[in-house]
Protein chains: 2
Amino acid sequence: MRAALSEPADRSSRRRSEVPEATVARLPVYLRALHALADRGLTTVSSEALAASTGVGSAKLRKDLSHLGSYGTRGVGYDVAELVSHISAALGLGRRRAVVLVGVGNLGHALAGYGGFDERGFCVVGLFDVDPARVGEQVAGLVVRHLDALPEAVRSTGASIGVIATPAAAAQPVCDRLVAAGITSVLNFAPALLQVPPGVDVRKVDLSNELQILSFHEHRKAVALVEQDDRHTPRGVSA
Amino acid sequence: MRAALSEPADRSSRRRSEVPEATVARLPVYLRALHALADRGLTTVSSEALAASTGVGSAKLRKDLSHLGSYGTRGVGYDVAELVSHISAALGLGRRRAVVLVGVGNLGHALAGYGGFDERGFCVVGLFDVDPARVGEQVAGLVVRHLDALPEAVRSTGASIGVIATPAAAAQPVCDRLVAAGITSVLNFAPALLQVPPGVDVRKVDLSNELQILSFHEHRKAVALVEQDDRHTPRGVSA
DNA sequence: TTTTGTGAAATGATTCACAGCC
DNA sequence: GGCTGTGAATCATTTCACAAAA
């Protein structure tokens, strides 16, 4: 047998108070629902009610929140404002985060102009492209700069998040330049696999993948219909 | 104790040859990589190589493919063209699927003009909005119509997929009208939970959620740095 | 009584590791 | 010899169900 693990029985001690990734992905959903409740003037909410307005089960919601701490009151529920602040803290939303965006094509334009970002504490502070035809153009109140200006911009704005909205072929080189400039989180809209060094996080949004997944389910539903039909008119019967 | 389940021991017999949802979500990724390999002239590929170009492990890839059937050759690998056609078949990509898009704002514009859709077998056949200022406008070769024209358009084009790119408040009513018109799959870009009848599938893409998830990881990295620092200058030492 | 917080059970996904086939 | 296909083991997530708190 091969050599045992280098750290023998020390398995659980390394664990930090980690929040499971599946939970992290739902926190923004809870946060949004809580903001909506606050806007409607509610000050407390039960796990049942909050779950209903976010489409998850109440047990799952409670377990998710339990990873952040014990902020509910038994018999009562959660204080909306308090929960908002705890979730915001967990998500690191205490500070406004600067975002740079590379690739000001069709999609880049839309993302630059998307109001939802600023509203949630993200501020697009730089737009970049390599196409000379687009450099200099004014989009959403910013002037598109050449990608060469990226390092200086990241340094002066303290941006830590980069959005890639380039064609697939440009995504990896652009990503490399983002990372070299000091970006440590990347949101990638290009249909390409990005290679990044450890310590850099990448999330990918692929629009045609989403449609293909829906297509799978459409197909499955269609097949199910045919099979159900076959049960009525079993074999060799055609219209 | 309460009454037992109505169907006593008949638990596993109901299972169809289902493909796990996690696998379905990766099939489009494999498909894209296979197309890239085919373009480079390769005719066969091993699970190891295909896995490398998609960022998943080779064992996972093989298990994923095994849910579709046994299409590889031991000692050799997979035939690229054959695998493309099997995955395409599983995803129901044999036919071109018509897509209608509601909400021709910032994001809707970009989605309408996004080339990646047509390229992957999806065809945007109708753009709709309720804003009179936008109705009549020409976008990506289509004239924006009023939402009232939706049912007729869905009927005449056979569209089964609807994309919602409206503000959050409009999403549910728009979704209801899509479903009423015969749409059975919805891709929702609005930050709202959609309620749909059984048989209708929804997928949600939420851009600010993605940024918030990245923010969580940024925050975590920042905290980790501080803690590491604390280990060097333990207590009560400040600059 | 209501509702949280959480062990324990169940389910689902990933990884391991190797028998079987080319 | 190389590589697939797959049981078995591991790990992650969800669900259950209830004791404890307000």
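As the structure is a prediction and not an experimental result, all values here were calculated from the model. Lettering follows sequence order; numbering is per chain, from 1.
- Dashed line: the shortest gap from a side-chain N or O of B:Thr73 to OP1 or OP2 of C:dC22 is not under 4.0 Å.
- When the nucleotides C:dT6, D:dG5, C:dA13 are ranked by their closest atom to the side chain of B:Pro20, C:dA13 comes out on top.
- Looking at B:Tyr30 and B:Asp64, their side chains do bring a donor and an acceptor atom within 3.5 Å of each other.
- Note on A:Arg26: a side-chain N or O is less than 4.0 Å away from OP1 or OP2 of D:dT14.
- One can place CG of A:Asp64 at 14 Å from C1' of C:dT4, the figure rounded to the nearest angstrom.
- Side-chain nitrogen and oxygen atoms of B:Tyr71 include none within less than 4.0 Å of the OP1 or OP2 phosphate oxygen of D:dC3.
- The two residues B:Val84 and B:Leu31 make their nearest non-hydrogen contact at O-CD1, 3.8 Å.
- No contact: B:Gly57 has no heavy atom under 4.0 Å from any strand.
- Considering only the side chain of A:Ala59, D:dA17 comes nearest among D:dT14, D:dA17, C:dT15.
- Note: NZ (B:Lys60) to P (D:dG5) measures 18 Å, nearest angstrom.
- Distance from the side chain of B:Lys63 is smallest to D:dT6 among C:dC22, D:dT6, D:dC16.
- D:dG2 atom P lies 15 Å from atom CZ of B:Arg62, rounded to whole Å.
- Within residues 45-52 of chain A, the residues approaching DNA chain C are A:Ser46, A:Ser47, by heavy-atom distance under 4.0 Å.
- Only one option out of B:Arg120, B:Arg203, B:Arg32 pairs with A:Asp206 in a salt bridge (Lys or Arg N to Asp or Glu O under 4.0 Å); it is B:Arg32.
- A:Tyr78 has a side-chain polar atom (N or O) that falls below the 4.0 Å cut-off from OP1 or OP2 of C:dG5.
- Rounded to whole angstrom, the span from the CG atom of A:Asp79 across to the C1' atom of D:dA22 amounts to 15 Å.
- The interatomic distance linking B:His67 (NE2) with C:dG12 (C1') rounds to 11 Å, in whole Å.
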(request) Please report the C-alpha distance between B:Glu119 and B:His35 in whole Å, then the side-chain angles of each, then the deciding distance to 0.1 Å, and finally whether the side chain to side chain donor-acceptor pair (under 3.5 Å) criterion is met. (result) CA-CA 12 Å; B:Glu119 192 180 295; B:His35 277 127; over 6 Å; no
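- At a cut-off of 3.5 angstrom, the base of C:dT3 holds no donor-acceptor pair with the side chain of A:Arg74.
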